[in-house]
A.B. asks: 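There's a structure below that I have some questions on.
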Amino acid sequence: MAGQSRKWMILVATIWIQAFTGTNFDFSAYSSDMKSVLGISQVQLNYLAVASDLGKVFGWSSGLALLNFPLWVVLFMAAFMGFFGYGLQWLVMRNLITLPYILVFLLCLLAGCSICWFNTVCFTLCIRNFPANRPLALSLTVSFNGVSAALYALAANAIDPSSDALYLLLNAIVPLIVSIAALVPILRQPNLEPLSVDENRRDSLIFLLLNILAILTGVYLLIFSSNTSDAKVARIFFGGSIILLFFPLCIPGVVYARDWFHRSVHSSFRYESSHFILVHDDDLEFHKQLIRENSKEENGILLLLSDDVITRKKSFGKLEHFCGAMIWKDRLVMLGEEHSASMLVRRLDFWLYFIAYFCGGTIGLVYSNNLGQIAQSLGQSSSTTTLLTLYSSFSFFGRLLSALPDYIRTKVYFARTGWLSIALVPTPVALFLLAASGNGMALQAGTSLMALSSGFIFAAAVSITSELFGPNSIGVNHNILITNIPIGSLIFGFLAAVVYDDNVTSGLGIGSIMTDQVCIGKRCYFLTFVWWGCLSLLGLACSVLLFLRTRHAYDLFERNRLSSQLY
């Protein structure tokens, strides 16, 4: 029982680490001041945002560090990378030191790398301590990474609402403090024994309660984080947010009171051990066995001999050649089949998935990096903190919503790639809304929709990669997938920066004027929103095609899973 209690302490520690280490999401809060202090163009500012995202390219280094050092050492290495990366930038912002642009670029890269190292530590803790409910633990902790910007906005308002440079100081110090606080439970990791069926169900109930508490935390931050220009009021609300983050510590009490929950609450619900990731080890092996018993090998490719596939193959000639090939050719036969990196990059399904992520979630991230300049160009500079909080909170809600399909799975079943397509719809809607209207209400609505969509994609992508290309290969395959983030950050950010700087230097466009490298007016981002909107439609089309190509594999897996439960 003591070991079971300590594992919940570790979960709370990972929640705290994630909640305060999403420091790249508050870039827009100080980007305008950074641009002014360094005297750089919008294109050069975009390169600093790209540098932070480039940290993901070096995320593999954290895994290598874990092979050679204890986990707590890796945690503090991440904390000190962030401490120096953000701390020296704060000194530059305060004009206490002067550094050349290239060194500031490298500091942004170092700070971005620290975020990946923190994520690796949290993922490792969840995997080690929640083997039976690993997907639920991962989804919950990843979700809290989305509230970082809102927490930092509230903390900055509580200390000095007039200082944008304060964000950098907080980014440097707070993760280090949280790492020190998390040290005790990390050093006291328990030796866990396999859980019984009843204990698995109890843990599922606890995760449900934690998700409800997470929603309440997100709503609280959404309501109070941005409307606190008075420092005294902000301190009160920030204290409330810290109390909400302490509430999960009540979980050990819930564990000891499991009998009361079983009598009063648990009996009225039906839970299974974990449904966040569709592909479970036992179900997957049963699923593969059934398929291999009803299949044959032809030219090295596994072919299904089900009536459904035979009928579709016969009707293939009746379809248009191009459309038919795009939907049926070389598509996945079953979920969970392991793919090596070389196999992965040869699959059309991967590239459809890559483009859908690239033109969906990545655009949302680049939008958040440009949020400060977007608000400034539309005369909404005073609302930057509000917009930052909106993006942070709705990104958090989107991440939590990514687990909803599995909670409603027994009543509404839909392939996860279909949910991905639905999640991509708000992105083009938001971008074309922003292009058509430049008022404050449209800006807030567009920001909320973009954050909701990208948050869902970020959280759901781990499960989709596992299901489509194999759970054992996810460490390599998912890192290949997220290389689209720095690529997209460079391309989409460069596009936005070129359009912005062009309006600054030419002064063309209705309502656009040149004032010290600052563009004011709707024209500053109009073409950017139009281009981003068109690209997001391409991502949506690729996600729909991916859904059509993978739907049969999801349906087959669900039928096999249900049939296995009958025996």
A.B. asks: Judged by modelled atom types alone, do Thr14 and Thr141 share a side-chain donor-acceptor pair under 3.5 Å?
C.D. replies: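 Checked: Thr14/Thr141 side chains show no N/O donor-acceptor pair below 3.5 Å.
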
A.B. asks: Under a plain distance cut-off of 3.5 Å, with no hydrogens placed, do Tyr500 and Ser377 share a side-chain donor-acceptor pair?
C.D. replies: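 The answer is no; no qualifying pair exists.
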
A.B. asks: Angle class for the Tyr353/Tyr357 ring planes (parallel below 30°, perpendicular above 60°, tilted otherwise)?
C.D. replies: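 Perpendicular.
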
A.B. asks: Distance only, no hydrogens: is a donor on one side chain within 3.5 Å (strictly under) of an acceptor on the other, for Thr23 and Tyr167?
C.D. replies: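 Result is no, nothing qualifies.
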
A.B. asks: Please table the atom pairs, donor to acceptor, closer than 3.5 Å between any side-chain atom in residues 524-536 and protein atoms at least two apart or in another chain.
C.D. replies:
{"residue": "Ser536", "atom": "OG", "partner": "Trp532", "partner atom": "O", "Å": "3.4"}
{"residue": "Ser536", "atom": "OG", "partner": "Gly533", "partner atom": "O", "Å": "2.6"}

A.B. asks: If you measure only the distance, is there a donor-acceptor pair under 3.5 Å linking the side chains of Tyr367 and Thr447?
C.D. replies: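 Short answer, yes.
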
A.B. asks: In Å, rounded to the nearest 0.5 Å, how long is the span from OH of Tyr30 to CG of Leu388?
C.D. replies: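 Output value for this atom pair is 10.5 Å.
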
A.B. asks: Go through Asn211 and Ile215 one step at a time and tell me if the side-chain contact (heavy atoms from CB on, under 4.5 Å) criterion holds.
C.D. replies: CA-CA 6 Å; Asn211 275 277; Ile215 293 173; 5.5 Å; no

A.B. asks: Would you tell me whether Gln373 and Ser32 have side-chain atoms, one donor and one acceptor, within less than 3.5 Å of each other?
C.D. replies: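 The answer is yes; a qualifying pair exists.
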
A.B. asks: Within this structure, what is the CG-CG distance for the pair Asn171 and Asp26, rounded to the nearest 0.5 Å?
C.D. replies: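 One gets 4.0 Å once the value is rounded to the nearest 0.5 Å.
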
A.B. asks: Given Asn119 and Asn145, is the side-chain contact (heavy atoms from CB on, under 4.5 Å) satisfied, shown in steps?
C.D. replies: CA-CA 9 Å; Asn119 289 341; Asn145 196 245; 4.3 Å; yes

A.B. asks: How many angstroms lie between OG in Ser52 and OH in Tyr86, if you round to the nearest 0.5 Å?
C.D. replies: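 With rounding to 0.5 Å, OG (Ser52) is 5.0 Å from OH (Tyr86).
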
A.B. asks: Ser448 and Tyr391: side chain to side chain donor-acceptor pair (under 3.5 Å), yes or no, with the steps?
C.D. replies: CA-CA 6 Å; Ser448 301; Tyr391 187 91; over 6 Å; no

A.B. asks: CG of Leu540 to CG of Leu545: how many Å apart, nearest 0.5 Å?
C.D. replies: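 With rounding to 0.5 Å, CG (Leu540) is 11.5 Å from CG (Leu545).
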
A.B. asks: Does any N or O in the side chain of Ser489 come within less than 3.5 Å of the main-chain N or O of Ile485, such that one atom is a donor and the other an acceptor?
C.D. replies: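 Absent.
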
A.B. asks: Would you call the rings of Phe394 and Phe397 parallel, tilted or perpendicular, where under 30° means parallel and over 60° means perpendicular?
C.D. replies: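 Perpendicular.
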
A.B. asks: For Phe396, does the six-membered ring have the charged nitrogen or CZ of Arg399 within the cation-pi criterion, i.e. under 6.0 angstrom from the centroid and within 45° of the normal?
C.D. replies: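 No, cation not above the ring by the 6.0 Å, 45° rule.
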
A.B. asks: Give the intermediate values and the outcome of side-chain contact (heavy atoms from CB on, under 4.5 Å) for residues Arg523 and Val499.
C.D. replies: CA-CA 9 Å; Arg523 185 76 176 180; Val499 172; over 6 Å; no

A.B. asks: Would you please test Thr550 and Arg416 for side-chain contact (heavy atoms from CB on, under 4.5 Å) and show each step?
C.D. replies: CA-CA 9 Å; Thr550 58; Arg416 199 181 301 279; over 6 Å; no

A.B. asks: Closest heavy-atom contact between Gly146 and Ser392?
C.D. replies: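 Nearest pair, atom of Gly146 first, then Ser392: O-OG, 2.5 Å.
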
A.B. asks: Got a sec, which residues hit side-chain contact (heavy atoms from CB on, under 4.5 Å) with Ala442, two or more places apart in sequence or on another chain?
C.D. replies: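 Ala442: side-chain contact (heavy atoms from CB on, under 4.5 Å) contacts with Leu433, Ser437, Asn439.
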
A.B. asks: Once rounded to the nearest 0.5 Å, what's the spacing between atom CG of Asn370 and atom CD of Gln376?
C.D. replies: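 That separation rounds to 11.5 Å.
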
A.B. asks: Working note: Glu467 + Tyr554, criterion side chain to side chain donor-acceptor pair (under 3.5 Å); need CA distance, chi angles, decisive distance, verdict.
C.D. replies: CA-CA 9 Å; Glu467 292 166 0; Tyr554 276 95; 2.5 Å; yes

A.B. asks: So, applying side-chain contact (heavy atoms from CB on, under 4.5 Å) with Tyr152, which one of Val174, Asn157, Val147 is it?
C.D. replies: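 Of the listed residues Val174, Asn157, Val147, the side-chain contact (heavy atoms from CB on, under 4.5 Å) partner of Tyr152 is Val174.
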
A.B. asks: Closest heavy-atom contact between Ser148 and Thr21?
C.D. replies: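 Closest approach of Ser148 to Thr21: OG-N, 3.8 Å.
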
